[in-house]
Amino acid sequence: CCSNEELPQLPETPAIRRGLRVLMLELDIPERDLRKMYKYWLEVDRDGSGSVDLFELLMWFDFERTEFMVNTFKLLDADGSG
């Protein structure tokens with residue numbers, strides 16, 4: 001996908017760093033792969049809010065807004081925070 005120069009740095013927020021450590025250690029996901037995933041997250045999060053809402057997700061995947069998509073998103077976003 002990308003050279004190291006093209007990959008964004010991971011967030012430095014303590015809570016996020018703790019979660020990233022869990023992913024790296026317990027799931028054996030290398031930091032480079034996390035940086036790739038974060039790059040896509042930043043592309044999906046069009047408004048830069050740090051969360052992804054239904055509209056952003058639909059735009060990213062080029063899906064139509066249907067009742068099924070709305071209900072699926074609600075399942076994934078259990079707390080409604082995006």
Side-chain angles (χ1 to χ4, degrees):
C1 160
C2 319
S3 69
N4 280 335
E5 298 79 41
E6 296 172 352
L7 294 174
Q9 292 298 315
L10 295 170
E12 294 294 328
T13 309
I16 293 175
R17 294 303 288 183
R18 281 192 300 274
L20 292 173
R21 267 196 302 278
V22 168
L23 291 173
M24 287 190 288
L25 297 175
E26 293 186 23
L27 299 178
D28 196 29
I29 299 175
E31 181 174 343
R32 178 172 167 71
D33 291 347
L34 290 173
R35 290 175 65 193
K36 286 180 191 177
M37 289 186 271
Y38 186 56
K39 179 178 186 280
Y40 292 118
W41 176 267
L42 293 174
E43 291 175 13
V44 175
D45 181 21
R46 298 176 83 133
D47 64 5
S49 66
S51 62
V52 173
D53 63 27
L54 176 61
F55 177 73
E56 290 170 322
L57 192 65
L58 294 176
M59 292 292 294
W60 174 256
F61 287 107
D62 195 25
F63 289 154
E64 291 184 33
R65 183 185 176 114
T66 63
E67 184 176 344
F68 173 79
M69 289 306 300
V70 171
N71 290 332
T72 301
F73 186 80
K74 286 179 185 177
L75 286 173
L76 296 172
D77 185 27
D79 68 358
S81 66

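In Glu67, the CD atom is not crowded: 12 or fewer heavy atoms of neighbouring residues, nucleotides or ligands sit closer than 6.0 Å. The local environment of CZ in Arg17 is crowded, with over 12 non-hydrogen atoms from other residues, nucleotides or ligands closer than 6.0 Å. More than 12 heavy-atom neighbours from other residues, nucleotides or ligands sit within 6.0 angstrom of CG on Asp79.
Hydrophobic clustering of Ile, Leu, Val, Met, Phe, Trp and Tyr side chains at less than 4.5 Å, counting indirect connections, keeps Leu75 apart from Leu58. Hydrophobic clustering, with ILVMFWY side chains joined whenever heavy atoms are under 4.5 angstrom apart, keeps Phe55 apart from Tyr40. Residue Ile16 is grouped with residue Leu10 when hydrophobic side chains (ILVMFWY) are merged at heavy-atom distances under 4.5 angstrom, including chains of intermediate members. Residues Val52 and Phe68 fall within the same hydrophobic cluster, defined by Ile, Leu, Val, Met, Phe, Trp and Tyr side chains chained together at heavy-atom separations under 4.5 Å. With hydrophobic clusters built from ILVMFWY side chains whose heavy atoms lie under 4.5 angstrom apart, Met69 does not share a cluster with Met59.
Interatomic distance, Leu23 CG to Asp33 CG, rounded to the nearest 0.5 Å: 11.0 Å. Note: Leu57 CG to Phe63 CZ = 7.5 Å, rounded to the nearest 0.5 Å. The CZ atom of Arg46 lies 10.5 Å from the CG atom of Asp53; values are rounded to the nearest 0.5 Å.
In plain terms, the two heavy atoms of Leu20 and Pro11 that are nearest each other are CD1-O, 4.4 Å. Trp60 and Glu43 get closest at one heavy-atom pair: CH2-OE1, 3.1 Å. Closest of all the heavy-atom pairs between Arg32 and Leu7 is NH1-CD1, 3.2 Å.
Looking only at distances, a side-chain donor or acceptor of Asp77 sits under 3.5 Å from a matching main-chain atom of Ser81.
Partners of Ser49 under the side-chain hydrogen bond (donor to acceptor under 3.5 Å, both in side chains) rule, at least two apart in sequence or in another chain, are Asp45, Asp47, Ser51. Scored by the salt bridge (Lys or Arg N to Asp or Glu O under 4.0 Å) test, Glu12 finds no partners at all (sequence neighbours excluded).
Looking at heavy atoms from C-beta onward, Val70 lies in side-chain contact with Leu54 at the 4.5 angstrom threshold. When side chains are defined from C-beta on, Lys36 does not count as touching Lys39, because their heavy atoms never get closer than 4.5 Å. For the pair Met24/Glu31, a side-chain contact is recorded, criterion being any heavy-atom separation below 4.5 Å from C-beta on. Side-chain contact check for Met37 versus Trp41: every heavy-atom pair is 4.5 Å or farther apart.
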